[in-house]
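Pasting a structure here, questions to come.
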Protein chains: 2
Amino acid sequence: MTQQKIIDESLILFAQQGYESTSLANIADAVGIKKPSLYNHFDNKEAIFLAVLQDVAQREMKYLTEQAELSANHTIYERLHHIYQVYLDHMADSTEGLFFKRVTFFPPETFADEIKNVFLRVEEAMTTVIHPVIEAGIEEGVLRPLSLDSLTSAFYTLIDGLFLEENFYDREVFKQRQQASWDIFWLGIKDPSWEE
Amino acid sequence: MTQQKIIDESLILFAQQGYESTSLANIADAVGIKKPSLYNHFDNKEAIFLAVLQDVAQREMKYLTEQAELSANHTIYERLHHIYQVYLDHMADSTEGLFFKRVTFFPPETFADEIKNVFLRVEEAMTTVIHPVIEAGIEEGVLRPLSLDSLTSAFYTLIDGLFLEENFYDREVFKQRQQASWDIFWLGIKDPSWEE
DNA sequence: TTGAGACTAACAAACGTTAGTTAGTCGAGG
DNA sequence: CCTCGACTAACTAACGTTTGTTAGTCTCAA
């Protein structure tokens with residue numbers, strides 16, 4: 001269907017260039033039709049963006065919860081690290097991740113409300129994935145008995161920091177930085193009396 | 001001087017709206033002259049942006065090193081925390097911070113190289129500020145005897161993460177997150193045998 | 001035969017930029 | 001002391017291009 005292709009191609013362009021810098025001509029080219037033909041499928045440019053936004057939100061939440069189930073029967077360390085790794089890779093490499101970051105970071109003014117709404121929904125999905133792991137970690141004595149919120153916050157900050165840095169360092173340096181940051185994060189959350 | 005006023009007003013507009021969405025008409029209006037008069041002071045729009053970029057880079061580095069000297073005779077914890085706090089506050093509140101965030105995170109393609117260059121220069125200035133503190137911390141036994149690089153990396157990641165998150169959360173939630181992330185970072189780098 | 005979906009042609013508005021002009025300032029030479 | 005010429009910095013008018021959008025037409029499948 002052409003309509004879905006418009007959404008798919010627009011997603012890529014919005015992710016790469018942002019909303020304002022992506023023209024209907026760009027989109028039409030990518031889809032392989034002429035610019036006015038877009039109006040057979042959407043009322044205007046804004047409608048295209050909103051369609052993309054909803055599409056991404058839905059897929060993102062699905063992906064997140066799927067991944068979390070994959071590491072269910074492992075140690076706390078492994079489960080946390082898996083979420084961390086998967087989420088980071090996803091945000092760094094996927095078009096959805098890039099789109100998501102761009103749109104939440106510098107939202108086109110017109111869509112500020114819808115975007116914030118989507119962001120909070122996705123974050124909530126993320127939280128429901130992490131919380132059980134951290135709770136179990138505290139209970140088992142693997143993690144320091146800090147507040148659930150504190151541990152979750154620090155986890156987010158770690159991921160967000162590395163996401164940003166991914167833009168600026170070449171792969172080698174970045175790997176190194178990722179390793180160091182994770183190790184120190186783990187030292188920060190791990191209960192010192194826990195050994196194994 | 002008109003030229004400096006153009007830079008100042010452009011900085012505000014670029015910070016608020018980004019490069020592409022800021023038109024020469026916007027800038028001219030803010031300065032209080034007509035659009036073509038801008039060409040008496042700059043060759044083109046790109047030249048205006050580059051002037052703003054250099055201006056910001058310079059001021060940013062100056063501010064950074066100034067602030068570091070302020071806490072010279074304090075404990076390792078205080079010195080590190082001061083750098084961290086000052087840097088984040090600055091990024092949150094100042095127009096320069098917003099501009100810096102915007103251009104480093106989603107650089108206008110044309111200026112990708114210059115921007116990367118500026119980012120690395122600012123980071124280098126930051127490194128010369130932090131390294132002595134960390135080295136002293138290891139020597140005195142306050143910090144874990146990890147590699148200098150590892151500790152520095154983790155510090156950057158912490159700052160970068162919060163730097164990014166400033167956009168997502170309202171002030172209250174952010175303060176909370178900042179506190180939690182710092183505490184856990186400190187637990188991660190502090191030598192467990194050090195007490196005081 | 002009707003409707004969906006492509007097309008061409010054209011629109012006004014906004015974009016960055018150039019050309020040409022004018023008024024004011026400043027220093028050097030007669 | 002005055003004046004000429006260069007310079008600065010503002011202006012109006014217009015350029016060609018691109019923007020999002022609309023109107024009207026053609027085609028093909030149901």
Side-chain angles (χ1 to χ4, degrees), chain A residues 1-56 98-99 102-103 106-115, chain B residues 1-56 98-99 102-103 106-115:
Chain A
M1 190 112 108
T2 310
Q3 182 155 349
Q4 187 59 44
K5 181 151 196 199
I6 293 174
I7 293 180
D8 293 342
E9 297 294 340
S10 299
L11 166 60
I12 298 174
L13 290 167
F14 288 151
Q16 285 171 350
Q17 318 175 359
Y19 176 73
E20 279 100 348
S21 300
T22 299
S23 70
L24 293 186
N26 291 153
I27 297 175
D29 274 359
V31 174
I33 59 176
K34 298 295 176 184
K35 188 170 54 156
S37 302
L38 294 171
Y39 285 82
N40 290 324
H41 304 278
F42 294 95
D43 283 349
N44 48 39
K45 193 185 176 185
E46 295 191 6
I48 297 180
F49 180 84
L50 289 175
V52 171
L53 183 65
Q54 297 307 327
D55 211 51
V56 167
L98 187 53
F99 173 85
R102 198 184 265 278
V103 135
F106 294 118
E109 193 136 3
T110 327
F111 310 112
D113 287 347
E114 277 91 351
I115 289 173
Chain B
M1 192 111 102
T2 309
Q3 180 154 349
Q4 187 59 44
K5 180 152 196 199
I6 293 174
I7 293 181
D8 294 342
E9 298 293 340
S10 298
L11 166 60
I12 296 173
L13 290 168
F14 287 150
Q16 285 171 350
Q17 319 177 0
Y19 176 73
E20 279 101 349
S21 300
T22 299
S23 70
L24 293 186
N26 290 155
I27 296 175
D29 274 359
V31 174
I33 59 177
K34 297 296 174 184
K35 187 170 55 157
S37 303
L38 294 171
Y39 286 82
N40 289 324
H41 305 278
F42 294 95
D43 283 350
N44 47 41
K45 193 186 178 187
E46 297 191 5
I48 296 180
F49 180 84
L50 289 176
V52 171
L53 183 66
Q54 296 308 325
D55 210 52
V56 168
L98 185 54
F99 173 84
R102 214 185 252 276
V103 301
F106 294 118
E109 191 136 5
T110 327
F111 310 112
D113 287 346
E114 275 90 355
I115 289 172

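Here is how names work: the chains are called A, B, and so on, in the same order as the sequence lines, proteins then strands, and each is numbered from 1.
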Inset, instruction - Among the candidates C:dT17, C:dC7, D:dT19, find the nucleotide nearest to the side-chain atoms of A:A25. - result: D:dT19
Inset, instruction - Would you mind telling me which of D:dA9, C:dT17, D:dT21 lies closest to the side-chain atoms of B:N40? - result: D:dA9
Legend entry - Residue B:T2, side-chain atoms from C-beta onward, closest of C:dC7, D:dA10, C:dT18: D:dA10
Legend entry - Sugar-phosphate, base or nothing in reach of A:T22, heavy atoms under 4.0 Å: sugar-phosphate
Inset, instruction - Return the value, rounded to whole Å, for the distance between atom CD of A:E46 and atom C1' of D:dG20. - result: 11 Å
Inset, instruction - Take atom CG of A:L38 and atom C1' of C:dG5, then tell me their distance rounded to the nearest Å. - result: 12 Å
Legend entry - A:L38 side chain near A:I27 side chain, heavy-atom distance below 4.5 Å: yes
Inset, instruction - May I have the distance from A:E20 (atom CD) to C:dA13 (atom P), rounded to whole angstrom? - result: 21 Å
Legend entry - A:K45 side-chain N/O to A:T22 backbone N/O, donor-acceptor pair under 3.5 Å: yes
Inset, instruction - Name the orientation class of the two ring planes belonging to A:Y19 and A:F111 (parallel below 30°, tilted from 30 to 60°, perpendicular beyond 60°). - result: perpendicular
Legend entry - Integer-rounded Å distance: D:dC11 P and B:K34 NZ: 6 Å
Inset, instruction - Go through D:dG20, C:dC7, D:dC11 for me and flag the one nearest to the A:Y39 side chain. - result: D:dG20
Inset, instruction - With heavy atoms under 4.0 Å as the rule, sort B:S37 into base, sugar-phosphate or nothing. - result: base
Legend entry - Heavy-atom side-chain contact between A:P108 and A:I115 under 4.5 Å: yes
Legend entry - Nucleotide nearest B:L24 (side chain, heavy atoms from C-beta), chosen from D:dA10, C:dG16, D:dG20: C:dG16
Inset, instruction - Would you check if the side chain of A:N26 reaches a backbone N or O of A:S23 as a donor-acceptor pair within less than 3.5 Å? - result: yes
Inset, instruction - Measure the distance from CD1 on A:I48 to C1' on D:dT21 and round it to the nearest whole Å. - result: 12 Å
Legend entry - Residue mapping more 5' on DNA chain D - nearest nucleotide basis, B:K35 or B:G32: B:G32
Inset, instruction - Measure the distance from CD1 on A:I27 to P on D:dT21 and round it to the nearest whole Å. - result: 11 Å
Inset, instruction - For B:I33 and D:dT12, give me the distance from atom CD1 to atom C1', rounded to whole Å. - result: 14 Å
Inset, instruction - Using a cut-off of strictly less than 4.0 Å, decide whether A:S23 has a side-chain nitrogen or oxygen near OP1 or OP2 of D:dT19. - result: yes
Legend entry - Side chain of B:H41 (C-beta onward), nearest among C:dG16, D:dT21, D:dA9: D:dA9
Inset, instruction - Please state how far atom CD in B:Q3 lies from atom C1' in D:dA10, giving the value in whole angstrom units. - result: 15 Å
